There are 2 protein chains.
Amino acid sequence: MSHRAATKVFQGIEEEIATGQLKDGEKLDEASLAERFQVSRTPVREALLQLVGSGLATQIPKRGCFVKAPSFRDMIEMFEVMSELEGLCARLAARRISSQQIDRLKRTNQGCETAIASGDSDLYYDFNVDFHECIYEACGNSFLAQETRQLRRRLQSFRRLQLRVRGRMPQSLEEHHAIIEAIEAGDADTADEVSRQHVMIQGERFNDLLSHIDQMR
Amino acid sequence: MSHRAATKVFQGIEEEIATGQLKDGEKLDEASLAERFQVSRTPVREALLQLVGSGLATQIPKRGCFVKAPSFRDMIEMFEVMSELEGLCARLAARRISSQQIDRLKRTNQGCETAIASGDSDLYYDFNVDFHECIYEACGNSFLAQETRQLRRRLQSFRRLQLRVRGRMPQSLEEHHAIIEAIEAGDADTADEVSRQHVMIQGERFNDLLSHIDQMR
DNA sequence: GTTCAAATTATCGTATACAAAAATAAGATG
DNA sequence: CATCTTATTTTTGTATACGATAATTTGAAC
């Protein structure tokens, strides 16, 4: 983690958008942000540029920056793409994974199991990230891996809530097993299909998700 | 197009990376870039941040920015993802396209035909972009559309060369017809498959492409 | 001659200053 | 009283200045 002022501002604003403190359409005033984060306008501007780059804000020339919090529709759209990317990762991993990578994948998923056993959803969350990271690395396409990681990160704060939904963790784990099985068997089609579902089931549970978001707003 | 100094620097560097003037690993020195583009370091730094954001440069803290020109492997990876996204666009478009959008798609492709008839590859290129833009808009997922557009833009300078490869334009047009047919018939699977091929055939012709790139370097 | 340490230099990251453009307010005219 | 014009103010975009940290060079000791 960087100690740069710019990254702190970026992550700070990102967090506030995710939690709903900063609402959609709200103006991101450079001066007041600089005041709030106790830095000058320079790092604030850098942070805003990065926000625009990652799609969390829009910039109108000579008018300023505005929060672009993802709408319900936006999130459905992102999940639709996410499931496709995740599916592609699994498909490619089924063809390209090494035996060491399979071992690591299994070990990571055992971490998920122990996390569930201890009822620690934060721990499960971390192992779950690792699990998918294993697949990204095994897909043999670092560009795809990076894109998928990025999108996952963008849906991250919402997914974290998602995993806490009752009964989701064991189900998620079952899906993991199916994914591992398909990848190990080199069954690309099944790996793709199951991974797609794994993401989309979360997408279909949007009502649960929305209630959480509404609470935050 | 913006008149900002920062965007001019960004596009300038982007172009120089695409053409190979700026080689992989080369240092992007803020001072000399500012000198070269006749601006101060501030807009140069903004441009570098955007370059890093779009993956064309890497930044090592307190060490500076370095060109990250896509390698042969990188481009294969990007094509692999591109074909998937393009396929998904077509798949969704087959389910969601409106009759007006179909008409526009056909008209645009007629533009492609006349461009070929007149042997104008630049004109064909523009109509080809429009053709795919029609599909992006018809897919009903603006996030997916944006991501696909972005990746297409990144492969753009290479694709432009690609289309000039002998015999590629008529073949590309044939594929367009197949795509239109599948989308109009609402045949999502075929639309997906054909679109995937449409991109991948270009990817498979990498030897032709590479010779062009080598000439530039 | 080699190696390690201190001083120097260069460059990055941030702060501040300034200029240009747009939004807002004020005033004049009908 | 409404509206258009003009002045003020705010804010963006760029330039410059400064401090901190890493790279480089110089010099001394072995």
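Just so it is clear, the structure is predicted and the values come from calculations on it, not from any experiment. Each chain gets a letter, A, B and so on, in the order its sequence line appears, and its residues count up from 1.
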Applying a 4.0 Å non-hydrogen cut-off, can you work out what [X] is touching in the nucleic acid: base, sugar-phosphate, or nothing?
X: Arg45(A); value: base
X: Arg63(A); value: sugar-phosphate
X: Ala31(A); value: nothing

[X] [atom1] to [N] [atom2], straight-line distance once rounded to whole Å:
X: Glu30(A); N: dA23(C); atom1: CD; atom2: P; result: 15 Å
X: Leu33(A); N: dT10(D); atom1: CG; atom2: P; result: 18 Å
X: Leu49(B); N: dG13(C); atom1: CG; atom2: C1'; result: 11 Å
X: Glu46(A); N: dA15(C); atom1: CD; atom2: P; result: 10 Å
X: Glu35(B); N: dA10(C); atom1: CD; atom2: P; result: 16 Å
X: Gln50(B); N: dG13(D); atom1: CD; atom2: C1'; result: 13 Å
X: Arg4(B); N: dA22(C); atom1: CZ; atom2: P; result: 14 Å
X: Asp29(B); N: dG13(C); atom1: CG; atom2: P; result: 12 Å

Got a salt bridge between Glu16(B) and Arg36(B), using NZ or NE/NH1/NH2 to carboxylate O under 4.0 Å?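 Yes, Glu16(B) and Arg36(B) are salt-bridged.
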For the side chain of Lys62(A), starting at C-beta, report the closest nucleotide among dA21(C), dC12(C), dA15(D).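 Per side-chain heavy atoms of Lys62(A), the pick is dA21(C).
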When you get a sec, tell me which of dT14(C), dA15(D), dT12(D) is the closest nucleotide to the side chain of Pro43(A)?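 Looking only at side-chain atoms, Pro43(A) lies closest to dT14(C).
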Looking at CD1 of Ile97(B) and SG of Cys134(B), how far apart are the two atoms once the value is rounded to the nearest 0.5 Å?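 Going from CD1 on Ile97(B) over to SG on Cys134(B), the span is 8.0 Å.
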Given DNA chain C, 5'-ward residue of the pair Ala6(A) and Pro61(A), judged by closest heavy atom: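 Closer to the 5' end of DNA chain C: Ala6(A).
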For Glu77(A) and Ser142(B): C-alpha separation, side-chain torsions, deciding distance, then whether side chain to side chain donor-acceptor pair (under 3.5 Å) applies. CA-CA 7 Å; Glu77(A) 291 184 353; Ser142(B) 58; 2.9 Å; yes
Just N and O in the side chain of Ser40(B): are any of them under 4.0 Å from OP1 or OP2 of dA15(D)?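 So the side-chain polar atoms of Ser40(B) do come within 4.0 Å of the phosphate oxygens OP1 or OP2 of dA15(D), strictly under.
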Side-chain N or O of Lys27(A) less than 4.0 angstrom from OP1 or OP2 on dA23(C)?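 No, no such contact exists.
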Is it true that the side chains of Glu147(B) and Tyr136(B) contain a donor and an acceptor less than 3.5 Å apart?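 No - no donor-acceptor pair under 3.5 Å links their side chains.
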So, Tyr124(B) and Glu113(B): side-chain donor and acceptor under 3.5 Å apart, yes or no?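 Distance-only check fails for Tyr124(B) and Glu113(B).
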